[in-house]
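Letters A, B, ... mirror the listed sequences (proteins, then strands); counts begin at 1.
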Amino acid sequence: MAATFQGLGAAAALSLSGSFDPNRLHLPCRRSLSVTRLSFVVRLEERIVSGSNLPPRRAQQLVSKAVATKADAASASTASKPGHELLLFEALREGLEEEMDRDPQVCVMGEDVGHYGGSYKVTKGLADKFGDLRVLDTPIAENAFTGMGIGAAMTGLRPVVEGMNMGFLLLAFNQISNNCGMLHYTSGGQFKIPIVIRGPGGVGRQLGAEHSQRLESYFQSIPGIQMVACSTPYNAKGLMKAAIRSENPVILFEHVLLYNLKERIPDEEYVLNLEEAEMVRPGEHITILTYSRMRYHVMQAAKTLVNKGYDPEVIDIRSLKPFDLYTIGNSVKKTHRVLIVEECMRTGGIGASLTAAITENFHDYLDAPIMCLSSQDVPTPYAGTLENWTVVQPAQIVTAVEQLCQ
Amino acid sequence: MDLSRLTSSSRRLHLLVNPFAAAAAHSRRPISTDTSPITVETSAPFTAHNCDEPSRSVETTPQELVSFFRDMALMRRMEIAADSLYKGKMIRGFCHLYDGQEAVAVGMEAGITKKDCIITAYRDHCTFLGRGGTLLEVFAELMGRQGGCSKGKGGSMHFYKKESGFYGGHGIVGAQVPLGCGLAFAQKYLKDETVTFALYGDGAANQGQLFEALNISCLWQLPAILVCENNHYGMGTAEWRAAKSPAYYKRGDYAPGLKVDGMDALAVKQACKFAKEYALKNGPIILEMDTYRYHGHSMSDPGSTYRTRDEITGVRQVRDPIERIRKLLLGLDLASEKELKDMEKEVRKEVDEAISQAKESQLPDPSELFTNVYSKGYGVEAYGPDRKEVRSVLP
């Protein structure tokens, strides 16, 4: 695998000078998402639930299936479409606000979430609306306030703990691993920990090594927690709501560069399933599994691939723990080739676990070895060009698909 | 028992006895259920930091004193029995025994209600018992059986009892203090008018997360009471070698503190009552319980490499909590020697019965490996690749 990847790197480097446009590789922060969704056909199984007659805390009953309702094709006019447009951080805020309205036991704690409004504005305005006891500004003491959130959750409160950057939660690793993940088990089921731990992670724009960490790989072996990664405003709001309603501790991974994505989301209340993957683009030739920001790199590569005649199936796995092996398995059975594109490190990342899971379960259906494109095993450098090279770029994805589909 | 020989041994002693009931006392002692108040002085004064110390006179009743004796004897007997079970390899892993420190558990219970929360570290057998746990649950859990309080899946360091506000039972030193402050936060949030006692040891007192949690609790004025059970040794390291400032009750700095003789159950009761009132009004307070453990840190520690046997026997002779209550009961003529000895024999029998019952309890079923990982039971009923709720089977 490593040799192949080196080859890819070299191939990409060769094609770099020609067709590589660094500006186009960065995430389109301000572009409307409807433009990138030209070729989507989506499944429309969604059960919309109204807020009033919801049974308390039964996440299973509120679950809606799969993907967003979208009018097909990119239509330029937005006026006639249902729903409202907003940015991803606003979608998170809407989800949080709705849940706080609905259940008085939901509270938010984190650094600068209250009066400051949140360092990424996710909690802006909430402190004014709900007061200081529900939106709590903590001092810079991650270990302590994560522990306090878990202690509060043991009594039945539903705290949402925000790490200003996911990397800071490493300081609270003991609390997350030992207390959050394990208390339900070691107490024989007496305590439930309905906590949500969320925060932005991932490689940003030249933020430096310590602020560009991907913690999914560190948390993934903690038994007892669920991990989800959001990638669009639609799934951000839905996953936030589902995470708050879940009885299990959920870690919601957001990405620093995705906060300003704009999308139109439904006006009605909806909750997404925490364990389901999202079918972004159905296809026939190859299954590309991805999550979070890499979804956009994959979709960009998909445009090139479609022009070259390939038909990739793109799945945003969303649920990092546990994996939605049902959706993934069905896709593998159809296409027989798998490419995993992730932002985690090469060693011990989500891709590594996913490769193992797919190989164990679907080995017979594979026509080619699973290829996994991940970030390089290096601390993220500050220099822009080097930083681009640590993460997977669309050109590399195209090369990988071509290689797999030979 | 001849009640005519009442002597008042201290100047602050009052005793009310019903002479008629006493006369008919040949079959059942009336005083053990007597709830008329007595006032007893604590053995040592309280030392306070940034607050007023409570009075040394403790209100109690004969019934309470007898129950102190019985509960402490039960705890002592349970810990000794656990010692022999461990040596007989029925208990494995880590086993941290609490004998010597029983007064803290018993005194604290007397000063609070079951709605208040207690959270402690791994030396939790007696605290669990004090909170209403049964001997069977203790021994079954220690032996890893289904009848245990955590269904055999927690072990010695993970005893919990949610209904009586006992939140464990934590293995990582110091991690329970932020949890305890979180419990206090929930109590304030839900306006319960109850408090949380977060217990930790002198070794854990040097953990940073304690000060972080104390800072947040003081800022938000949470009803959290941090109790340092100072048994003077953090595993093998004496407190003067681990802490630059071993005055743990003062280390809260801006938070008030109180130093208490932890071998005197009445002093502990008084301090806890005082702390509860204080915390509900003003926010966190630190209690330092000056106590001692006779066993080593855990069963794998002989306990004599870092301290002398003379020290241990010295403390046992002078400060033992059960002996103190025994002397008090005898001195106040609330019980006779024989009755107390009988009580101890009863307790011993209770413990032996509980052990034999626990030995009969089943080991957990293999399917229990996967239950309670998630609260919807993922693992036993997981979403497998075919989207049906499948059972996970062991290889």
Given a strict heavy-atom distance threshold of 4.5 Å, which part of B:Ile119 is in contact with chain A: side chain, backbone, both, or neither?
neither
Pick one of side chain, backbone, both or neither for B:Glu141, based on which atoms fall under 4.5 Å of a heavy atom in chain A.
neither
Are there over 12 heavy-atom neighbours, none belonging to B:Lys115, within less than 6.0 Å of that residue's NZ?
no
What part of B:Leu214 gets within 4.5 angstrom of chain A, counting heavy atoms only: side chain, backbone, both, or neither?
neither
More than 12 heavy atoms of other residues, nucleotides or ligands under 6.0 Å from CD of B:Gln362: yes or no?
no
Best-contacting candidate, B:Lys161, B:Met157, B:Lys188, against chain A by heavy atom pairs under 4.5 angstrom:
B:Lys161
Rounded distance (nearest 0.5 Å) linking atom OH of A:Tyr185 with atom NZ of B:Lys151:
10.5 Å
So which of A:Ile225, A:Thr138, A:Ile150 has the biggest tally of heavy-atom pairs under 4.5 Å with chain B?
A:Ile225
Option in B:Glu163, B:Gln209, B:Gln176 with maximal non-hydrogen atom pairs under 4.5 Å from chain A
B:Gln209
How many angstroms lie between atom CD of A:Gln175 and atom CG of B:Leu179, to the nearest 0.5 angstrom?
5.0 Å
Angle class for the B:Tyr167/A:Phe191 ring planes (parallel below 30°, perpendicular above 60°, tilted otherwise)?
parallel
Answer yes or no: is there a donor N or O on one side and an acceptor on the other, between the side chain of B:Glu212 and the main chain of A:Ala144, under 3.5 Å?
yes
Rounded to the nearest 0.5 Å, what separates atom CD in A:Gln190 from atom OH in B:Tyr160?
9.0 Å
Choice from A:Arg134, A:Met182, A:Lys192 maximising heavy atom contacts with chain B below 4.5 Å:
A:Arg134
Whether over 12 other heavy atoms sit under 6.0 Å from B:Phe211 CZ
yes
Interatomic distance, CG@A:Leu183 vs NE2@B:His170, rounded to 0.5 Å, equals 5.5 Å
Non-hydrogen atoms of chain A under 4.5 Å away: do they reach the side chain of B:Leu219, the backbone, both or neither?
side chain
Pairwise distance CD1(B:Ile216) to CG(A:Asp137) - rounded to 0.5 angstrom
11.0 Å
Turns out that what part of A:Asn143 lies under 4.5 Å from chain B's heavy atoms comes down to both
Side chain of A:Gln226, backbone of B:Tyr374: donor and acceptor closer than 3.5 Å?
no
Considering only heavy atoms, which portion of A:Pro104 lies under 4.5 Å from any heavy atom of chain B: side chain, backbone, both, or neither?
backbone
Using the rule side-chain contact (heavy atoms from CB on, under 4.5 Å), only one of A:Leu136, A:Leu133, A:Thr155 pairs with B:Tyr189; which is it?
A:Leu133
What I'd like to find out is whether the side chain of B:Phe185 reaches to under 4.5 Å of the side chain of A:Cys107, using heavy atoms alone.
yes
CG/A:Asn178 to CD1/B:Ile172 distance, rounded to the nearest 0.5 angstrom?
4.5 Å
Please say whether more than 12 non-hydrogen atoms of neighbouring residues, nucleotides or ligands are located less than 6.0 Å from CZ in A:Phe173.
yes
